[in-house]
Every structure is written in structure tokens, then in C-alpha cells.
There are 2 protein chains.
Amino acid sequence: MNSSAPVFAREPVTRERAVRAAMVLADAGGIESLSMRKLARELGVEAMSLYYHVKSKDDVLDGMVDGVFGEIPLPPLGTEWKSAMRDHSEAVRSVLTRHPWAIALVDTRTSPGAATLGHLDGVIAFLLQSGFSMSMAAHAMSLLDSYVHGFALQETSLPLSESGDISAATEDIMRQQHLMSEAFPHLAAMAEELVLKPGYAYGNEFGFGVGLILQGLETALADAEESARV
Amino acid sequence: MNSSAPVFAREPVTRERAVRAAMVLADAGGIESLSMRKLARELGVEAMSLYYHVKSKDDVLDGMVDGVFGEIPLPPLGTEWKSAMRDHSEAVRSVLTRHPWAIALVDTRTSPGAATLGHLDGVIAFLLQSGFSMSMAAHAMSLLDSYVHGFALQETSLPLSESGDISAATEDIMRQQHLMSEAFPHLAAMAEELVLKPGYAYGNEFGFGVGLILQGLETALADAEESARV
DNA sequence: CTTGACACCATACGGTGTAAGGTGATGTCA
DNA sequence: TGACATCACCTTACACCGTATGGTGTCAAG
């Protein structure tokens, strides 16, 4: 019978393949549309078969988070730290907006995977090698990570068009502009004078924030060095 | 019959009451344990009765987010802006850690309520009145909000004890310390030299971050004024 | 006495994660 | 060769979820 030797057999499911497929599904339809049954169908398999390779759905989610961190390149050792960290921040923001579900997941997953830990390790290594003390490195990472994640969080929850400007939302806002000016005059003024101006893109705020933080870190670093020299 | 005049009748359900009860449930058991059936039971009612007062579960979630923003006091007009914004940042962080589910919700809800808009309006008003230009106010709000939300996000996803130190997680970490030192030496070093030291609390990083950002904003503000004077 | 709004409820449908227990193909060893 | 274990997958079932549909009793106004 032909069932004996399926030459072009379906590739066997693995944890990796399952996680990768889950990431694709979440990218396409949002994290809330990811179910074990749909994931199984995508892999050409029944739902319960996944549990042979994966402990639970949470296990899949943990894998997805780790997959996201795995996509972020580390700042290359030996380069000037300010521009390297600027590029790195941009890289993190870019993968978080490429996988908008990731930020929500980070909130609930508390068991980091190998890629996540490796990522942390790499950034610490880079900062120490750039002359940061251990506690300044911790300051810098906490500050930058918080800002970048928070920015990505805000950015994805905005009703923006893909181009990054507010054209998609403008129409709705305009329709309510009148009501808003009465109840929230300052908010309306900001919208009118700034946000609704052609060319405004919320994403531009990111550069300002990262620049300000890096500048502040440089100052703090110099202060620490000076007080150590005395 | 006694059914004709229940003098101490059950208080009727309203949207407000439902939202408030939902917040209490989410505070107690996490957002993922909040279901329409449990919420109804809490209000002494059947699940479908909620839909008379509320459009959908998403509607409840929108209300919860708005309720959180309503808990945040606005910076009082007339006070010095740096200390006012420092206090305000601490206030935001405090309500976000009091309602850990809120940060995850902000990610998915894109239709802000009245309290949310009023909050934004109040902060804009405060900054303008403190001498910020419109674009500097936007910079400041984006930067501080992103940082505060991001910090709260990281803080809640950490396996911390309530006291804010790492005692609860220490044991597990210690057990894996050996493995970690081999695979992630820098991360292990940071844990050993800094995080596991008695008295360390991740929450302390918040003050450093807010201080650095406020200092940077002050500098940017002065630069803008100077270049305007020339 | 009728009418209609109000606040609530019963039932049902299609979805979810996953526990429990098969089923057949494959490889190992007596 | 035959027995047996392991692997990768499947079937069935359960408790739970959000909510569409269509009630049902109370009450005040006409």
C-alpha cells in the first residue's frame, strides 16, 4: 500500500517549529487569535499532538518571548557606547513593533528563556567593557529598557496607520474635535497645534527620548568617574 | 407574598458598579481570572444580565482602564514643575503596581475614556503653565509616560516579594547560580555583586531614572529658551 | 386595564485549554 | 522472527469562556 512509505512525509513537529509557527500566527492575527487548535492545524496536526512537544500553551508563549529576544542583535563589542546603545534601542523597538504581541506577553511571562538571558548577558558585557561600573550598567539597562518597552507599548496602542503618521486617525479625531475642545481644551490644543500638523509622527519622539537618556547617562558616568578620582 | 416588597433589595447593577467590581476581582485574582460569569456572581446576578448595562467584556475592560487613570491625582497647578512631575511619576507607578493588570490592558484598549482624556488634559495644562512650549510638553509627556509605564511593566514581571526586595527569588536563583555562571557570566556577576546584595530593591532604580529624565528635560528647556532669545 | 420600559434570566452555540487514554509505526534485542 | 518499548500522533471528553436570542416579572404612566 502507498501508506507504507510516504516519501514526502510531513516534517515532524518540534518545539521550535511550533513556537515559530505560533509567532507567525500571532503576527498575522494578533495574540488573542492564537489557539492550540489553530496552531495545530497550521502544523498539519491535531491539537493534542502539540502536547507531546510542548508542556502547555504558556510554554508556547514563553518560547515566543524568547524567540523575540533572539531576534535582537547585540551591540558589537568595541564600538562607541552611545551610538551602539542608540542603535540597539532602535533595534529593540523595531522587533517589538514587528511583533506587537510581545510587549503584552512580557508582562505575564516570568520565566526567561536562554535567548532572553543571553541577551541580557550580552548587553551587560558591552556596558562593562565600555567603562560602566556594575551599578551604572544596571542603571543604564533598567532605564533604557523601561523607556524602550514603554514607548513600544504606547506606540502599538495608538491608532496609527502603518506609515507612522496619524492620517488614519485624523478623520475620527476631526469629527470629535468640537466636543473635545470643550471638555479637554489643552488636549485639543496639542492635537491641533502639533499632532495633526502634516509630517508629525509619534515615532519621532523616540529619538528625542533615547538621545536625552543617553546624554544623561554620559553625564552621570562622568560624574561618577570624577568623584572616584577625588 | 414576600416577593412583592423586598425592602432590602439588592442594589441594582450599573456600569460603574460592574466596572468597580471587575477591578476588585482583577486585583485579587489577576486579569485572566476575570470572567463575565464571575463578575455577575460577585454582583449577585446572572451573567447575561450584565449585558443590559455593558456592551461587551471589552467595554468592561475599557472602563477598568479609565478607572485606573481616574485614580491618579493631577500635578497641582502652581507648584514647581520638577518636583511636581517627580511626585506625579511616583503616583502613576504606584497605581500601576496596585493594579498590575492595567499595564497589559493599556496595550490592547485603543479607545480612551473620559478619565483618561481628562488626565492627559490636566498634565498638558500643568506643563504649559510651567513654561513648556507645546512641543516640549509633548516631548516631556511621551518620555516620562513611556518610562513610567515601561518601568511598571518590568517591575510587575519580576518575581519579587511584596517588600520589594528579591528575597523570594533569591533561593531559586541561588540554586541555579552555578549553571548561570557558566552560560551567562556577566549576568551572574551582576546578580552576585549587585542584585543579591542585601538591601537591593529594583524599585530604587525608579528614582534614578526619573531624576535623570527630569534633569535632561530641564536642560532641554533651558537650551530651547536660549536659542529662542538669540 | 393596558402598555411599554426596565432589569434581569434561561438556554444554547461555538469556541477555548487540556486531562485521560488509545493507536499504529518504528527500532531494539532475545 | 517475534516480543516489546518508544515515539509521534490521535479521539474523546470536560469544564469553562463570551455572547446571540428570546424570554419573564415588576412597575409607573396613560
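Letters go in sequence order (proteins before strands), and every chain restarts at 1. Atom set for the values below is all heavy atoms of this structure, side chains included, hydrogens, waters and symmetry mates excluded.
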Specify the separation, in whole Å, of atom [atom1] of [X] and atom [atom2] of [N].
X     : N      : atom1 : atom2 : result
B:R41 : D:dC16 : CZ    : P     : 9 Å
B:D58 : D:dG18 : CG    : P     : 11 Å
B:L50 : C:dA10 : CG    : C1'   : 15 Å
B:R15 : C:dA7  : CZ    : P     : 16 Å
B:M36 : D:dC16 : CE    : C1'   : 15 Å
A:L43 : D:dC10 : CG    : P     : 11 Å
A:Y51 : D:dT12 : OH    : C1'   : 15 Å
B:E32 : D:dC16 : CD    : C1'   : 14 Å

task: Between B:L34 and A:A47, name the one whose nearest nucleotide on DNA chain D is closer to the 5' end.
output: A:A47
task: Name the residue closer to the 5' end of DNA chain D, choosing between B:M48 and A:E46 according to the nucleotide with the nearest heavy atom.
output: A:E46
Is [X] close enough to [N] that one of its side-chain N or O atoms is under 4.0 Å from OP1 or OP2 there?
X     : N     : answer
B:S49 : C:dA7 : no
B:H53 : C:dC6 : no
A:Y52 : D:dA8 : yes

- prompt: Within the structure shown, what part of the strands sits under 4.0 Å from A:K55 by heavy-atom distance: base, sugar-phosphate, or nothing?
  reply: nothing
Note, B:F151 side chain near A:Y147 side chain (heavy atom, < 4.5 Å): no
query: Taking N and O atoms by type only, does the side chain of B:R37 place a donor or acceptor under 3.5 Å from a partner on the base of D:dG18?
result: yes
field: Salt-bridge contact B:R109-B:D66 (side-chain N to carboxylate O under 4.0 Å)
entry: no
For a quick test of reading the model, state the closest non-hydrogen atom pair linking [X] to [Y] and the distance between them.
X      : Y      : result
B:L127 : B:A137 : CD1-O, 3.9 Å
A:R15  : A:H53  : CG-O, 3.7 Å
B:K38  : B:S33  : NZ-O, 3.2 Å

